[in-house]
Amino acid sequence: MSTSIDQLSASSTQEALLAALDSARDLPAAQQPEWPDPVALEAITRELSICPPLVFAGECDELKANLAAAARGEAFLLQGGDCAETFAEATADRIRNKIKTMLQMAVVLTYGASMPVVKVGRMAGQYAKPRSKPTEVREGVELPAYRGDAVNDYTFEVAARTPDPRRLLRAYHTSSATLNLIRAFTKGGFADLRHVHEWNRGFVANHANARYEAMARDIDRAMRFMAACGGDFDALRTVDFYSSHEALLLDYERPLTRIDSRTGAPYNVSAHFVWIGERTRQLDGAHVELLSKVRNPIGVKLGPTTTAQHVRELIDKLDPDREPGRLTFITRMGAGRIRDVLPDLIDGLGEDSARVLWVCDPMHGNTFEAASGYKTRRFEDVMDEVRGFFEVHGALGTIPGGLHVELTGDDVTECLGGAEHIDEQDLSSRYETLCDPRLNHQQALEMAFLVAEGLTER
Ligand code: PEP
Ligand code: CO
């Protein structure tokens, strides 16, 4: 079979587009591991670059449209999952518990605030972590910091902590398996609203569960009413659940950026939504450059020292066409700062402040080390930052469009407080995170009820 001129020119355009992505290679890239063996790394990135996409570009566009609706106040984004996923915990039980928790939170928000909820997991790719220090010292021994399962192992030993590029490939395959299960759960009947009670089964009984059960009974009654009237909608049987992670490791994100055959445009096909972290949002850095080139919906984390000038420049670079749903700002100011810092930031953006999607991450500005040495957060601070987020947007007339949280479906004891009154002594009983402390199942549900109230007022 001969190659047509059309095919030839299509492939050279593709090559040109892919080459343009490599502009990021020449720029400074913060938070990258020091891979010891460049030859091994090269072989792995080449292999990654021919692995099948994990998501379809059309799904990314669909999510972008949903995020545009959230930016207009017609929907609400719920984004949640582990701080750092691990290979060991990519099990059916753990994944199911996270999905159940997210579905429950979404029901609380949808029913409590009559608001469609866009569901996005920090799942199927959240395997790389930025660190405040490149090394960790224990009892006089200094080793590379743990940078997430995609880079090295948490065990404090030389071999374990040495970055190993084969882990990038394992991150890809584990993400693929996770996403497969997510798709099976959300499209295969498990997320059917008629199972709203079952999502609560298996979790220990507590106040938040009881409140959820009461709501689930109402929903059940409404569902039976609709069924009796002959109503039977597809929308009640399946759920759209999207994947997301921080686009941190360029040796993973770049090989998984591909040219979409429908549109001829580049997409990051490792997740539907990717974000740039607080430590890698330098305007002239490689992360901003690479994500400026892809067509996915993208996010940027904004901490308390962010200036409006910097954000305006980010908007010009990442969203020059002001495309609806393209850009999400995830603010993580801390409960003590949000009411001071966020208003000026929003005010300084002019018309763009009403166009982008504003999401609250009430976790990362509220982390501290307990006397026992555990990294933790007070549930009350987390809740207070969410309240501050609604207050600030309420006062300015902008839209508080979503929530970004670190959570797990398991009954861990990592954040202080909540209705179970977890205190500093309790932290050690079930502290399992390898990175930041997560809300447990009950705290996550409590948070959803609070946000539903905020949304009702909005
Ligand atoms: C995170 O989301 O786990 C994280 C590291 O956040 P940030 O970039 O906001 O510090
Ligand atoms: Co975190």
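Counting starts at 1 for both ligands and their atoms, in listed order. Side chains are part of it too, since the values below use all heavy atoms of this structure and drop only hydrogens, waters and symmetry mates.
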Worksheet entry | Nearby protein N/O/S atoms (those under 2.8 Å) for the Co ion (ligand 2), with water ignored | Cys83 SG, His364 NE2, Glu406 OE2, Asp436 OD2
Worksheet entry | His245 ring center near Trp275 ring center (under 6.0 Å) |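 Not under 6.0 Å, so no.
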Worksheet item: Is the distance between the ring centroids of Phe87 and Tyr127 under 6.0 Å?
Response: yes
Worksheet item: How are the rings of His441 and Phe203 set to each other: parallel, tilted or perpendicular (split at 30° and 60°)?
Response: parallel
I'd like the atom pairs linking ligand 1 to the protein - N or O on both sides, separation under 3.5 Å - with distances to 0.1 Å.
unit_1   : atom_1 : unit_2 : atom_2 : d
ligand 1 : 2 (O)  : Arg122 : NH1    : 2.9
ligand 1 : 2 (O)  : Arg122 : NH2    : 3.3
ligand 1 : 2 (O)  : Lys301 : NZ     : 2.8
ligand 1 : 2 (O)  : His364 : NE2    : 3.4
ligand 1 : 3 (O)  : Arg122 : NH2    : 2.9
ligand 1 : 3 (O)  : Lys129 : NZ     : 2.7
ligand 1 : 3 (O)  : His364 : NE2    : 2.9
ligand 1 : 3 (O)  : Glu406 : OE2    : 3.0
ligand 1 : 6 (O)  : Lys301 : NZ     : 2.9
ligand 1 : 8 (O)  : Glu278 : N      : 2.9
ligand 1 : 9 (O)  : Lys301 : NZ     : 2.9
ligand 1 : 9 (O)  : Arg332 : NE     : 2.7
ligand 1 : 10 (O) : Arg279 : NH1    : 3.2
ligand 1 : 10 (O) : Arg332 : NH2    : 2.9

Worksheet item: When Gln442 is tested against each of Asp411, Thr101, Asn209, Asn206 for side chain to side chain donor-acceptor pair (under 3.5 Å), which residue passes?
Response: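 That would be Asn206.
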Any side-chain donor near an acceptor of the partner, [X] and [Y], under 3.5 Å:
X      : Y      : answer
Arg377 : Thr367 : yes
Glu406 : His364 : yes
Arg438 : Gln443 : no
Asp82  : Gln126 : no

Item to complete: Given side chain to side chain donor-acceptor pair (under 3.5 Å), test Glu424 with Tyr374 step by step and report yes or no.
Response: CA-CA 9 Å; Glu424 293 209 12; Tyr374 286 106; over 6 Å; no
